[in-house]
Amino acid sequence: MKAKNILAGFALVGAIALTTAGCAGGGNTAGGGGGDDKVITVGFAQTGSESGWRSANTESMKEAFSEANGFNLIFNAADNKPEAQIAAVRSFINQGVDAIVLAPIVTDGWDDVLKEAKDANIPVILEDRTVSAPEDLYASWVGLDFKKEGETAGKWVADNFGKTPTNLVVLEGTTGSSAATDRAAGFDEAIKGTDIKVLDSQTGNFTRAEGKTVMEGFLQKYGSTINVLFAHNDDMGLGALDAIKAAGLKPGTDIKIVTIDAVKDGMTALADGEFNYIVECNPLLGDKVAEVVKKVVAGESVDKSYIVEDQAFDQEQAKAALPDRKY
Ligand code: GYE
């Protein structure tokens, strides 16, 4: 059975503020207390730097895994290449790190290297996305409910457009990533039985550049018959804005846009009326992951999964939230 801890986004932000203040106050120790000040060496295998969400996540992780917090962080970003990420994890094993944190690009293909880590007695903690490997090959996972994010986006589309014939296109995240697979599943479920027709659905790899290119293709093919765009993240939606404007259409009006993440650029587009709805995906996971790593290294028990809760924003809510937005 999976034990699930639902953490409110606010609580998480509060916890980060507390930790930061504590460190500034001077001298934190590693090793889960008891005056043990052994530095914990952690290898972090990040996906790459594809989006605003990713930049915020990397920053949050680097802040939490600081020297002041008792860590020696070895950071690797794999440029969204699964083979490069597997190689990074293998190199962490060879270096004999105390723990490995992995933000897996794709779900499949992890069994072998996770077994190698287990054989070397190096615990692996997942953050952000999930893997299909057996649960006993990793200690814990800190992440988000991607399916629920997709459902929330789909429910908004169904509530607003589900009763009239509506043509929709989808910009999917990286193929094979749990973020893309689960968001698609949640969205599809929520629009089932409505008058919404999915004209096309293709990957834009979570990047602005590919979001733009794929949207250009959609516009060439379907022109102004497109009523709604669902993008699996803000960045692809932001790339699509350029394509929509270049085609002489008004984003947010001629084509309604719903995205996921709620990073500052996305929230600005929403406040400006160029996006219509955003489902949040909280990237500030560093503090929780660092807490879990300390416990695991100290031999304390942890839950198998920690899910951070997200909210959603319309234009007015985005305007209200923007001034205090952390990412
Ligand atoms: O939504 C996207 C990023 O896995 C939750 O990856 C993450 C996703 C996020 O590139 O912007």
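Everything quoted here is computed from the prediction, not taken from an experiment. Remember, it's 1-based here, ligands and their atoms both numbered in the order they're listed. Excluded from the calculations below are hydrogen atoms, water molecules and symmetry mates; all remaining heavy atoms, backbone and side chain alike, are included.
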Around ligand 1, what residues show up once you keep those with a heavy atom under 4.0 Å from it?
->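 Close residues (ligand 1, cut-off 4.0 Å): E50, S51, W53, R54, D128, R129, F146, A179, R183, F206, N233, D261, C281.
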
Would you say K163 has more than 12 foreign heavy atoms packed within less than 6.0 Å of its NZ?
->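 For K163, atom NZ is not crowded (no more than 12 foreign heavy atoms under 6.0 Å).
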
Cation-pi check, K62 to F75: give yes when NZ or CZ is under 6.0 Å from the six-membered ring centre and within 45° of the ring axis, no otherwise.
->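 Positive - K62 is close enough to the ring of F75 and near enough to its axis.
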
Got a sec, which residues hit side chain to side chain contact (heavy atoms under 4.5 Å, CB included) with A246, two or more places apart in sequence or on another chain?
->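 None.
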
Donor-acceptor pairs under 3.5 Å, side chain of residues 80-87 to any protein atom, not counting sequence neighbours: which ones?
from	atom 1	to	atom 2	distance (Å)
N80	ND2	E50	OE1	3.1
K81	NZ	D79	OD2	2.9
Q85	OE1	I105	N	2.9
Q85	NE2	A45	O	3.1
Q85	NE2	A103	O	2.8

Would you please say whether a donor-acceptor pair under 3.5 Å links the side chains of Y222 and N167?
->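 Absent: no donor and acceptor within the cut-off.
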
Would you give me the side-chain donor-acceptor pairs under 3.5 Å for residues 260-268, sequence neighbours excluded?
from	atom 1	to	atom 2	distance (Å)
K264	NZ	R325	O	3.1
D265	OD2	R208	NH2	2.7
T268	OG1	K264	O	2.7

